[in-house]
Amino acid sequence: MFGRAGLLIVAALILTSTGLWGQEESESTAPASSPATQPAQNSETSSSTKPHDDNFVIGNDDMLAINVWKEPDISRSIPVRSDGKISLPLVGEVQAAGQTPLKLEQDIAAKLKNYIAEPEVTVIVQQINSQKFNILGQVSRPGSYPINNSVTVLDAIAVAGGFRDFAKQKSIYVLRQSVDGSQTRIPFNYKEVVRGKNPAQNIKLQPRDTIVVP
């Protein structure tokens with residue numbers, strides 16, 4: 001039906017269209033290279049951050065959770081001794097009291113470098129026992145108590161078992177130590193506070209506050 005020249009033209013058109021289709025198919029199925037590797041870089045960067053509260057200072061009797069990555073024999077929960085130190089395998093004794101958790105991590109890691117390549121240490125304060133207040137005088141159980149969460153004067157009186165019979169509930173005061181060593185006397189009238197007259201007197205206690213119930 002077609003001449004020789006016509007058949008050659010048709011064959012050329014078929015080959016050309018087939019080649020273009022194969023090229024388009026290979027381009028459409030080619031994997032994208034850059035987006036696949038980008039999320040891995042972001043996740044690696046974020047996992048290396050370990051935020052800390054640099055304002056908290058470890059004290060005696062605080063319970064610490066110390067974790068050394070891939071070293072279960074060293075990782076443990078341990079209290080700070082009365083001399084302010086802790087003891088760990090391979091590390092020996094380390095001064096903990098007076099340090100922030102981040103600084104203690106660095107000190108432990110520095111000692112472990114003699115035995116472990118690039119040690120990763122995490123220090124978490126599990127329980128705060130070093131921050132205490134004192135309550136003295138006409139209460140059932142005078143003494144020192146840890147400050148847990150936000151303890152107020154009313155909370156402290158309740159923890160100490162309440163008043164004795166002859167407590168002067170209108171003459172209570174809080175002794176607060178300043179940074180320069182001076183003391184501030186803060187009055188607390190129990191009768192007024194429980195009646196809602198002057199609730200601002202029911203202050204939050206700070207470490208080393210002393211409540212005196214005459």
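The model shown is predicted, which means the values in this text are computed figures rather than measured ones.
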Interatomic distance, [X] atom [atom1] to [Y] atom [atom2] [nearest 0.5 angstrom]:
X	Y	atom1	atom2	result
Thr152	Ile211	OG1	CD1	8.5 Å
Lys170	Glu192	NZ	CD	8.0 Å
Ile108	Leu104	CD1	CG	4.0 Å
Gln177	Thr184	CD	OG1	10.0 Å
Asp155	Ser150	CG	OG	9.0 Å
Gln99	Leu64	CD	CG	11.5 Å

In one Ile/Leu/Val/Met/Phe/Trp/Tyr side-chain cluster, 4.5 Å: [X], [Y]:
X	Y	result
Tyr145	Leu136	no
Val80	Val57	no
Ile186	Phe188	yes
Val159	Ile203	yes
Trp69	Leu102	no

I need the minimum non-hydrogen distance between [X] and [Y], along with the two atoms involved.
X	Y	value
Asn60	Ser82	ND2-O, 2.9 Å
Ala167	Val213	CB-CG1, 3.9 Å
Phe163	Ser140	O-OG, 4.3 Å
Ile74	Pro89	CG2-O, 4.0 Å
Ala156	Val151	N-CG1, 4.1 Å
Arg141	Ala158	NH2-O, 4.3 Å

Side-chain heavy atoms of [X] within contact of [Y], under 4.5 Å:
X	Y	answer
Thr122	Glu105	yes
Gln138	Pro214	no
Ile58	Thr100	no
Leu88	Arg76	yes
Lys70	Ile116	no
Tyr115	Glu71	no
Gln126	Ser77	yes

ask   = Are the charged groups of Asp107 and Lys111 less than 4.0 angstrom apart, N to O?
value =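 Lys111 and Asp107: not salt-bridged.
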ask   = Does a side-chain N-to-carboxylate-O contact under 4.0 Å join Arg81 and Asp83?
value = yes
task = Decide yes or no on side chain to side chain donor-acceptor pair (under 3.5 Å) for Ser130 and Asp62, but give the supporting numbers first.
result = CA-CA 6 Å; Ser130 60; Asp62 286 343; 2.9 Å; yes
ask   = Does a donor on one side chain sit under 3.5 Å from an acceptor on the other, for Ser144 and Asn134?
value =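 Ser144 vs Asn134: donor-acceptor pair found between side chains.
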query = Are a donor atom and an acceptor atom from the side chains of Ser178 and Gln183 found within less than 3.5 Å of each other?
reply = no
inquiry  = Donor-acceptor pair, distance only, cut-off 3.5 Å: does the side chain of Glu93 make one with the backbone of Ser87?
reply    = no
inquiry  = Given 3.5 Å as the limit, does a donor-acceptor pair link the side chain of Gln95 with the main chain of Ala97, or not?
reply    =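 Indeed, once roles are kept as given, a pair shorter than 3.5 Å links the two residues.
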task = For residues 198-212, pull every pair meeting salt bridge (charged side-chain N to carboxylate O under 4.0 Å, His left out), keeping only residues two or more places apart or in separate chains.
result =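 Passing the test, one end in residues 198-212: Arg176-Asp209.
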query = Would one find more than 12 heavy atoms of other residues, nucleotides or ligands at under 6.0 Å from atom CD of Glu118?
reply =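 Open.
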query = Given the rule in the side-chain contact (heavy atoms from CB on, under 4.5 Å) test, do Val193 and Val153 qualify, once you have shown the distances and angles that lead to the verdict?
reply = CA-CA 10 Å; Val193 172; Val153 179; over 6 Å; no
query = What do the steps show when you test Ile86 against Ile66 for side-chain contact (heavy atoms from CB on, under 4.5 Å), and what is the final call?
reply = CA-CA 11 Å; Ile86 59 173; Ile66 299 174; 3.4 Å; yes
Intermediate values then yes/no, side-chain contact (heavy atoms from CB on, under 4.5 Å), Ile128 and Ile147 = CA-CA 8 Å; Ile128 300 173; Ile147 294 180; over 6 Å; no
key: Shared-cluster residues of Tyr173, by chain and number - hydrophobic side chains joined below 4.5 Å   =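 Leu175, Val212, listed by chain and number.
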ask   = For Phe166, which fellow cluster members are found when Ile, Leu, Val, Met, Phe, Trp and Tyr are connected by side-chain heavy-atom distances below 4.5 angstrom, either directly or through intermediates?
value = none
task = Verify side-chain contact (heavy atoms from CB on, under 4.5 Å) between Met63 and Val125, making sure each step is shown before the conclusion.
result = CA-CA 6 Å; Met63 180 64 69; Val125 181; over 6 Å; no
